[in-house]
There are 2 protein chains.
Amino acid sequence: MSNLQKQAEEMIRRRGERVTSSRVQILAMLLAEQRAVTHHEIEERLRNTHRLDRVTLYRVLEWLNDKCFVHKVVSDDRAWRFRANTHIYPHQHAHFECMRCTTVICLDEMKVEYDRPLPAGYRSQEIELTVKGLCAECT
Amino acid sequence: MSNLQKQAEEMIRRRGERVTSSRVQILAMLLAEQRAVTHHEIEERLRNTHRLDRVTLYRVLEWLNDKCFVHKVVSDDRAWRFRANTHIYPHQHAHFECMRCTTVICLDEMKVEYDRPLPAGYRSQEIELTVKGLCAECT
DNA sequence: GCTGAATTGCAACAAAGTTGCATCTACTAT
DNA sequence: ATAGTAGATGCAACTTTGTTGCAATTCAGC
């Protein structure tokens with residue numbers, strides 16, 4: 001069992017949640033990646049090492065998201081992407097999305113600011129900034 | 001024929017594009033709304049007044065977007081929303097999305113700023129800011 | 001009105017995600 | 001160590017959102 005798998009298992013156990021092999025495999029894989037990946041990519045990646053139903057993957061990802069082990073990112077291709085939360089994310093966070101290869105990276109250190117108030121009666125709970133352009137490899 | 005329908009027709013004709021009843025109806029409807037609406041909402045709305053195939057609606061919306069009569073917005077429910085462009089939008093624009101009723105409004109006047117550079121080799125072409133929270137009606 | 005290219009409708013398809021239910025498994029109490 | 005049980009998984013079927021191919025129709029210029 002790899003280091004990351006041990007780490008993933010430990011993360012889940014320490015929160016008093018049920019440890020299952022799917023959860024460990026998926027979380028370990030997301031910890032290994034330093035970016036937001038799609039359901040499809042995860043499925044491909046785990047196909048050889050771990051037998052896993054499509055539906056279970058959806059459910060595990062949803063669960064990991066609910067428990068704040070990972071977070072979701074929407075993008076233009078209408079598919080969710082998931083990324084492991086290695087530390088507590090601030091309420092505001094930013095992403096970069098490459099318009100060619102559609103890779104999404106998190107720009108964690110970026111501070112988001114806006115200079116005008118919302119319309120009357122509106123309350124902000126979360127701010128998401130997406131910078132779109134070309135990544136280093138696609139430039 | 002309503003005022004907005006005349007206006008929609010005029011907008012299309014003045015650009016030298018082909019005027020069809022679907023385009024006029026859809027653009028007029030989007031001009032009437034002051035917000036980003038889904039394909040589904042448009043379909044419902046036009047059902048009674050105008051016979052219209054689902055596919056045609058998708059194609060007209062895509063066309064209106066290509067010709068810059070409207071613009072697209074992604075949101076968490078994985079469905080595109082469309083909003084009429086009443087003026088030329090700046091390269092950076094912001095949206096507010098209600099986490100309860102999922103309505104999206106454009107915060108056109110909002111200026112987006114970020115305080116750190118992108119990773120080396122990355123080029124930004126567009127910035128999208130989404131503020132999430134509760135709208136006036138859902139508060 | 002006629003013509004050709006653009007637009008539309010229909011049917012079939014595809015991707016991403018969801019639901020219901022029977023089976024299996026991780027944890028708890030003994 | 002074992003059994004019981006709540007919770008997790010697998011499977012099949014379904015839904016939503018959007019796309020593609022092609023034949024029929026319509027718009028705009030003559």
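A, B, ... follow the sequence lines: proteins, then strands. Residue 1 opens every chain.
In this structure, NE2 of B:His40 is placed 7 Å from P of D:dT17, rounded to the nearest angstrom. D:dG10 atom C1' lies 13 Å from atom CG of A:Leu57, rounded to whole Å. For the pair B:Trp63 CH2 and D:dG18 P, the computed distance is 20 Å after rounding to whole Å.
Between A:Arg47 and A:Glu44 a salt bridge is recorded (basic side-chain N to carboxylate O distance below 4.0 Å). Using a 4.0 Å cut-off between charged side-chain N and carboxylate O, B:Arg45 and B:Glu41 make no salt bridge. Between A:Glu43 and A:Arg54, no side-chain nitrogen of the basic residue sits less than 4.0 Å from a carboxylate oxygen of the acidic one, so the salt-bridge criterion is not met.
Comparing D:dG18, C:dG9, D:dT9 by their nearest atom to the side chain of B:Trp80 picks out D:dG18. Checked against D:dC11, C:dG17, D:dG18, the side chain of A:Asp53 finds its nearest nucleotide in D:dC11. Listed nucleotides D:dT16, C:dG9, D:dT9 differ in distance to B:Arg78; the shortest reach to its side chain belongs to D:dT16. Closest contact between the side chain of A:Val55 and the listed nucleotides C:dG9, C:dT19, D:dT17 involves C:dT19. Closest to the side chain of B:Arg23, from the set D:dG18, C:dT7, D:dC22, is C:dT7.
Applying the 4.0 Å criterion to OP1 and OP2 of C:dT8, one finds that B:Ser22 has a side-chain N or O inside that range.
With A:Trp63 as the aromatic partner, A:Arg23 meets the cation-pi criteria of under 6.0 angstrom to the ring centre and within 45 degrees of the ring axis. With B:Phe96 as the aromatic partner, B:Arg35 does not meet the cation-pi criteria of under 6.0 angstrom to the ring centre and within 45 degrees of the ring axis.
Put simply, the side chain of A:Arg51 and the base of D:dG10 share no donor and acceptor less than 3.5 Å apart. Applying the 3.5 Å distance criterion, the base of C:dG9 shares a donor-acceptor pair with the side chain of B:Arg59.
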Requested in this report: Give the B/S/- string for nucleotides 25-30 of chain C, one per nucleotide from 5' to 3', where a protein heavy atom under 4.0 Å of the base yields B, of only the sugar-phosphate yields S, and otherwise -.
Outcome: BBS---
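Between A:Val24 and A:Thr20 there is no side-chain heavy-atom pair separated by less than 4.5 Å.
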